[in-house]
Amino acid sequence: MKLERRIEGYLEKRKEEGTFRVLRQETGLVDFCSNDYLGVARLGILEEEVSGEGQLSTGSTGSRLISGNFKETEDLETSIAGFHQADAALLYNSGYVANVGFFSCVPRAGDTILYDELIHASVHDGMKMSKANRLAFRHNDAEDLAFKLKLVKKGVCFVAVETIYSMDGDEAPLPEIVAVCKQFKAYLVVDEAHATGIVGPKGAGLVQHYGLEEACFARIHTFGKSMGCHGAVILGTEQLKKYLINFSRSFIFTTALPPEAILRIKKAYEWLNESEDCREKLQNNIRYFLEQIKKTPWKDFLIPSQSAIQSIIIPDNEKVKEIAGNVRKEGFDLRPIVYPTVPRGQERIRICLHNYNTLDQIQNLVGLLNRF
Ligand SMILES: Cc1ncc(COP(=O)(O)O)c(C=O)c1O
């Protein structure tokens with residue numbers, strides 16, 4: 001009974017702190033919380049295209065190195081590399097798995113990883129599995145990055161950033177970060193999870209928006225957000241790809257994505273070529289939300305962001321949960337983000353905007369927030 005008591009103790013502590021996580025089923029409420037920014041999953045945009053290809057296997061039967069590698073998988077990697085102007089691409093089962101797979105094996109003992117203090121949990125988990133040193137720099141602060149890089153006297157330096165930050169929704173000052181990386185000969189690794197499909201030419205990401213492909217050692221794109229499917233890819237050189245195939249344990253020791261998932265990713269990329277109007281609609285909704293929220297006292301608590309992710313800081317676990325709960329009762333799906341997902345004092349309501357939200361829904365949401 002000792003283990004059960006210990007587990008219960010941890011759960012009780014979470015409850016006492018107000019940080020106990022519970023699963024909620026999808027509610028059918030007006031969606032202001034999913035990462036399906038362009039409605040690809042919710043509106044079933046790819047369904048017709050995918051079913052038109054006939055029934056494909058939903059099981060890949062093994063890892064890529066055993067029985068789970070297909071011509072279609074490799075063709076997809078080639079075409080994704082082309083789309084993103086990279087030498088090579090390697091698919092992973094998710095963004096989490098890709099970040100863990102990269103950071104656990106590329107930086108080695110004696111190296112240093114400098115990471116933005118708001119970097120995603122998956123990068124943290126990967127870094128913990130590496131023997132490299134790690135050091136945080138202040139969020140989006142290229143000067144602090146330079147200061148910290150100056151402190152590192154030996155080994156290879158890696159710099160880990162996101163392009164659109166998952167919690168704050170703000171954009172990395174990529175050209176400044178690239179300049180600092182060049183100055184200190186550091187290797188830049190960029191996670192484009194929340195920019196994929198939305199930012200840059202045909203949604204190719206912020207790196208391509210700035211034409212900084214050559215300045216990145218690796219880029220991670222994920223498909224579970226605006227691409228409306230599942231999986232992720234690491235972009236880099238052919239040499240990096242070969243290295244990952246040999247050393248990245250989260251690539252090697254897992255069942256590969258099945259043919260059905262490969263087809264969905266392929267269709268999602270094809271769809272990106274014709275989805276400009278969806279991106280425009282999303283941008284209109286972001287502009288409209290910002291106009292509306294700026295008319296309320298919440299504007300002072302809003303983290304400045306021009307992206308689909310808009311966070312309002314309410315530094316109190318119970319308060320933020322109460323507000324989100326009240327809004328949900330009125331039919332709008334908002335989720336509170338509390339400690340330990342974000343640091344204490346940074347608890348927030350994270351509003352995700354989508355192209356399929358109507359202006360009325362946005363106005364009603366802001367009206368409701370204004371009431372609570
Ligand atoms: C910045 C960032 N990177 C990686 C991931 C993980 O991606 P996936 O959901 O495909 O595992 C997420 C998802 O929450 C994310 O926000």
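The figures here come from the full heavy-atom set of this structure, side chains too, leaving out hydrogens, waters and symmetry mates. As the structure lists them, so they are numbered: ligands from 1, and atoms in each ligand from 1.
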Would the number of heavy atoms belonging to other residues, nucleotides or ligands and lying under 6.0 Å from [atom1] of [X] be above 12?
X      : atom1 : result
Ile66  : CD1   : no
Lys15  : NZ    : yes
Arg249 : CZ    : no

Protein residues that have a heavy atom under 4.0 Å from any atom of ligand 1, sorted by chain and number: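 Lining ligand 1 at under 4.0 Å, by heavy atoms, one finds Ser94, Gly95, Tyr96, Asn99, His120, Ser122, Glu162, Ser166, Asp191, Ala193, His194, Thr222, Lys225.
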Close aromatic pair by centroid cut-off 6.0 Å: Tyr92 and Phe251: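 Tyr92 vs Phe251: aromatic centres under 6.0 Å.
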Between CG on residue Leu174 and OH on residue Tyr210, distance to nearest 0.5 Å: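 One finds 7.0 Å between CG of Leu174 and OH of Tyr210.
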Electrostatic pair Arg138-Asp141, nearest N-O below 4.0 angstrom: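 Result for this pair is yes, salt bridge flagged.
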